[in-house]
Amino acid sequence: MSQLKVLFFGDDFTGSSENLAQFHRSGVRCKLYLAVPSAEDLRADSQAFDVLGLAGTTRALAPAEMRVELDAAFARLSTVGCDLVQYKICSTFDSAPDVGSFGVALDAAKAHFGARGVAVLAATPDFG
């Protein structure tokens, strides 16, 4: 049984690392992957950390490229149990149909994690 509280995928490295920093400031044990982890590492880390994140590049990708990246990432991440899955977007909220589309990300997440409630929250805690 996993002890994970949050599992997240970030649409770029900068936002992913800031997201991780916010969790760390809250006192939770967290780890950020820079590539899709092996199944063994993910399983072990899901027992040792409260939050696991994966920094992606989808913010800069066309929909077809996003699907490839997200399918690989979500297929692996969905193998560990976690009630809260976050798709971390850039705080500039810059989604477009042809690049970095939030809709593509939501569709991919639904395919791998099942139908869930979706909250869309754009915030930067340090901004107050």
Side-chain angles (χ1 to χ4, degrees):
M1 177 59 98
S2 170
Q3 75 167 31
L4 283 177
K5 294 177 175 78
V6 179
L7 187 62
F8 76 85
F9 179 92
D11 67 355
D12 67 6
F13 174 75
T14 306
S16 298
S17 60
E18 176 57 23
N19 204 43
L20 195 78
Q22 293 297 333
F23 282 116
H24 177 73
R25 286 181 192 122
S26 297
V28 297
R29 292 170 299 157
C30 44
K31 181 175 184 174
L32 181 65
Y33 300 107
L34 303 181
V36 176
S38 69
E40 297 78 24
D41 286 346
L42 183 61
R43 240 186 332 273
D45 289 343
S46 73
Q47 300 302 313
F49 293 93
D50 302 306
V51 176
L52 295 175
L54 173 56
T57 62
T58 54
R59 179 176 177 223
L61 299 179
E65 297 167 311
M66 287 181 71
R67 285 184 197 95
V68 170
E69 182 171 322
L70 291 170
D71 282 342
F74 290 168
R76 180 59 47 81
L77 295 177
S78 67
T79 64
V80 294
C82 188
D83 290 334
L84 180 60
V85 178
Q86 176 190 26
Y87 182 78
K88 196 293 182 194
I89 61 171
C90 181
S91 61
T92 59
F93 218 76
D94 55 352
S95 174
D98 60 336
V99 65
S101 172
F102 302 158
V104 170
L106 288 171
D107 288 344
K110 183 178 177 182
H112 291 279
F113 296 102
R116 296 180 178 211
V118 175
V120 178
L121 307 166
T124 301
D126 288 342
F127 290 173

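These numbers come from a predicted model, not from an experiment.
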*Could you tell me which non-hydrogen atom of L70 sits nearest to which non-hydrogen atom of A105, and how far apart they are?*
CD1-CA, 3.6 Å
*asked:* Rounded to the nearest 0.5 Å, what separates atom CG in D45 from atom CD in E40?
replied: 11.5 Å
_Side-chain heavy atoms of K5 within contact of L84, under 4.5 Å_ = no
*Looking only at atom types and distance, does a side-chain atom of R29 sit under 3.5 Å from a main-chain N or O of A48, one as donor and one as acceptor?*
yes
*side-chain contact (heavy atoms from CB on, under 4.5 Å) evaluation trace for Y87 with L106*: CA-CA 8 Å; Y87 182 78; L106 288 171; 6.0 Å; no
*How far apart are the closest heavy atoms of A55 and D12, and which atoms are they?*
CB-O, 4.5 Å
*Verify side-chain contact (heavy atoms from CB on, under 4.5 Å) between F23 and D50, making sure each step is shown before the conclusion.*
CA-CA 9 Å; F23 282 116; D50 302 306; over 6 Å; no
*Can you tell me how far CG of L4 sits from SG of C82, rounded to the nearest 0.5 angstrom?*
5.0 Å
*Side-chain contact test, heavy atoms from C-beta onward, threshold under 4.5 Å: evaluate it for R76 versus L54 and give yes or no.*
no
*Would you check if the side chain of R116 reaches a backbone N or O of D83 as a donor-acceptor pair within less than 3.5 Å?*
yes
*Report yes or no: does Q86 contribute a side-chain atom to a donor-acceptor pair with the main-chain N or O of V6 at less than 3.5 Å?*
no
_When you compare the side chain of L20 with that of F8, does any pair of heavy atoms fall below 4.5 Å?_
yes
_If you compare all heavy atoms of K88 against all heavy atoms of G15, which two are closest, and at what distance to 0.1 Å?_
CE-O, 3.4 Å
_Classify the ring geometry of F74 against H112: parallel below 30°, tilted from 30° to 60°, perpendicular beyond 60°._
perpendicular
*Could you give the distance from NE2 (H24) to CG (L32), rounded to the nearest 0.5 Å?*
13.5 Å
*How about Q22 and E18: do any of their side-chain heavy atoms sit closer than 4.5 Å?*
yes
_Contact summary for S95 and G100, nearest pair of heavy atoms_ = OG-O, 3.5 Å
*Give the cluster check for V85 versus F49: same hydrophobic cluster or not, with ILVMFWY residues linked at side-chain heavy-atom distances below 4.5 Å.*
yes
*For L61 and E69, which heavy atoms make the closest approach, and how far apart are they?*
CD1-OE1, 3.4 Å
*asked:* Testing the basics here: between G10 and S16, what is the closest heavy-atom pair and its distance to 0.1 Å?
replied: CA-OG, 3.1 Å
*asked:* Do Y33 and D41 pair up side chain to side chain, a donor and an acceptor below 3.5 Å, judged on atom types alone?
replied: no
*Quick one: does S26's side chain have a donor or acceptor within less than 3.5 Å of a partner on V28's backbone?*
no
